[in-house]
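The structure appears below as structure tokens.
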There are 2 protein chains.
Amino acid sequence: MTEPLLRDILQNHGLKATSQRLTILDYLMTHETHPTAEMIHADLTTISLATIYNTLEKLVDVGIVIVIDTQKDGKRHYDFYGEPHYHIINSRTNEIIDADNFDVKPLFEAARQASGLNITGFHIEIYGVDPDDAK
Amino acid sequence: MTEPLLRDILQNHGLKATSQRLTILDYLMTHETHPTAEMIHADLTTISLATIYNTLEKLVDVGIVIVIDTQKDGKRHYDFYGEPHYHIINSRTNEIIDADNFDVKPLFEAARQASGLNITGFHIEIYGVDPDDAK
DNA sequence: AAATAGATTAGAATAATTCTAAAGAGGGAA
DNA sequence: TTCCCTCTTTAGAATTATTCTAATCTATTT
């Protein structure tokens with residue numbers, strides 16, 4: 001991704017555009033691997049692990065990135081959240097697939113009715129298994 | 001809850017009905033607090049923390065209990081999952097509300113189409129804020 | 001260019017969770 | 001009922017993902 005645009009994304013969300021943040025954001029936008037902090041650090045070795053964590057926290061706070069806890073490996077996975085989407089997780093392989101072929105408006109309305117809250121976001125994980133996996 | 005039924009729940013899922021498991025399952029079924037392992041241990045002091053963790057893992061494996069990661073306190077919260085439902089989380093207070101006024105069939109069908117997997121379960125967390133909270 | 005609020009860093013600290021290996025107990029078989 | 005075997009429980013140690021510290025650096029504003 002071109003640098004000026006990444007810069008704008010950060011600044012539009014009130015974050016200083018440091019070189020580390022530009023690098024990490026670019027990494028997240030160009031990888032569909034749903035990486036952990038450690039995985040990012042393994043690829044971006046010049047950035048300290050503390051900065052990886054700090055930056056991810058900021059990006060999550062402003063809503064650019066979301067956290068997925070697959071609850072299988074005890075680590076948090078991070079996902080660039082440019083367009084709202086949901087996740088389909090293969091229970092055998094733990095592979096995470098992004099999907100957006102579902103309209104969340106009815107769900108939001110149901111949640112508003114049930115809680116009285118103004119709905120601000122959602123996380124959806126759907127679990128499945130390969131049809132030809134034995135049982 | 002009456003003991004024989006708890007026993008059946010465990011045995012129907014292939015788990016031995018130990019007294020610790022009966023106690024923990026009863027606790028989960030009678031508390032809507034979405035407790036952490038530590039919270040359960042604080043109330044059931046005679047059961048070791050390792051057993052709390054071991055038991056929760058088993059209950060999650062067989063699908064009686066699910067994990068909610070609110071991603072706010074770094075701890076896993078556990079929820080008896082007798083009837084499928086989704087969660088509405090107040091972003092200010094981190095309160096977790098159970099709700100079931102939503103039909104997941106269309107979502108399951110969308111996920112099946114997107115992934116080709118046989119869908120086995122779901123986790124949905126909807127985030128919201130109190131309408132009269134300032135901004 | 002200077003000022004400053006915020007960011008980065010290495011390394012230490014924290015704490016949730018998992019592991020170990022020894023002792024105990026369900027539940028099926030006879 | 002009693003035996004037996006496999007699975008469970010336990011205390012405490014170990015692990016490790018994440019957070020903290022406090023010193024140094026830098027992006028942005030004036």
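Note that this is a predicted model, so its numbers are computed, not measured. Numbered from 1 within each chain, the chains take letters A, B, ... in sequence-line order.
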Side chain to side chain donor-acceptor pair (under 3.5 Å) partners of residues 12-24 of chain A, not counting sequence neighbours, each pair once: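 Checked against side chain to side chain donor-acceptor pair (under 3.5 Å) - neighbours excluded - no pair reaches residues 12-24 of chain A.
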For nucleotides 2-4 of chain D, tabulate all protein N/O to nucleotide N/O atom pairs closer than 3.5 Å, reporting atom names and distance.
none

Tell me: [atom1] of [X] to [atom2] of [N], nearest whole Å?
X	N	atom1	atom2	answer
Met39(A)	dA17(D)	CE	P	13 Å
Leu59(A)	dT8(C)	CG	P	10 Å
Asn54(A)	dT18(D)	CG	P	13 Å
Glu57(A)	dG6(C)	CD	P	15 Å
Ile52(A)	dT9(C)	CD1	P	8 Å
Lys58(A)	dT19(D)	NZ	C1'	14 Å
Leu10(A)	dA7(C)	CG	C1'	13 Å

Which atom pair, heavy atoms only, marks the closest approach of [X] to [Y]?
X	Y	result
Arg7(B)	Ala17(B)	CG-CB, 3.8 Å
Ala99(A)	Ile88(A)	CB-CD1, 3.9 Å
His34(B)	His77(B)	O-ND1, 2.7 Å

Mind checking what makes side chain to side chain contact (heavy atoms under 4.5 Å, CB included) contact with [X], not counting sequence neighbours?
X	value
Asn90(A)	Arg92(A), Thr93(A), Glu95(A), Asp130(A), Leu117(B)
Tyr53(B)	Ala37(B), Leu49(B)
Ala110(A)	Tyr86(B), Asn101(B), Phe102(B)
His85(A)	Asp79(A), Tyr81(A), His87(A), Asp98(A), Asp100(A)

Salt-bridge criterion met for Asp73(B) and Lys75(B) (N-O under 4.0 Å):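 Salt bridge flag = no for Lys75(B) with Asp73(B).
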Per-nucleotide protein contact string for nucleotides 21-30 of chain C, where B marks a base within reach and S marks sugar-phosphate only (heavy atoms under 4.0 Å, - for neither): -----BS---
Nucleotides 10-17 of chain C: protein proximity per nucleotide (B base, S sugar-phosphate only, - neither; heavy atom, under 4.0 Å): B-----SB
Residue pairs involving residues 51-68 of chain A (criterion salt bridge (charged side-chain N to carboxylate O under 4.0 Å, His left out); sequence neighbours excluded):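 Counting only pairs at least two positions apart or across chains, no salt bridge (charged side-chain N to carboxylate O under 4.0 Å, His left out) contact touches residues 51-68 of chain A.
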Within residues 107-122 of chain A or reaching into it, pairs that qualify as salt bridge (charged side-chain N to carboxylate O under 4.0 Å, His left out) - sequence neighbours excluded: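 Residue pairs passing salt bridge (charged side-chain N to carboxylate O under 4.0 Å, His left out), neighbours aside: Glu109(A)-Arg112(A).
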Partner residues of Phe80(B) under the ring-ring contact (aromatic ring centres under 6.0 Å, His included) criterion, sequence neighbours left out: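 If we apply the ring-ring contact (aromatic ring centres under 6.0 Å, His included) test to Phe80(B), skipping adjacent residues, there are no hits.
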Within the 6.0 Å centroid threshold, strictly below: Phe108(B) and Phe122(B):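 Ring centroids of Phe108(B) and Phe122(B) are less than 6.0 Å from each other.
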Terminal helix-axis angle for the helix from dA1(C)-dT30(D) to dA30(C)-dT1(D), with five pairs defining each axis and rounding to 10 degrees: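 The angle separating the two end axes equals 50°.
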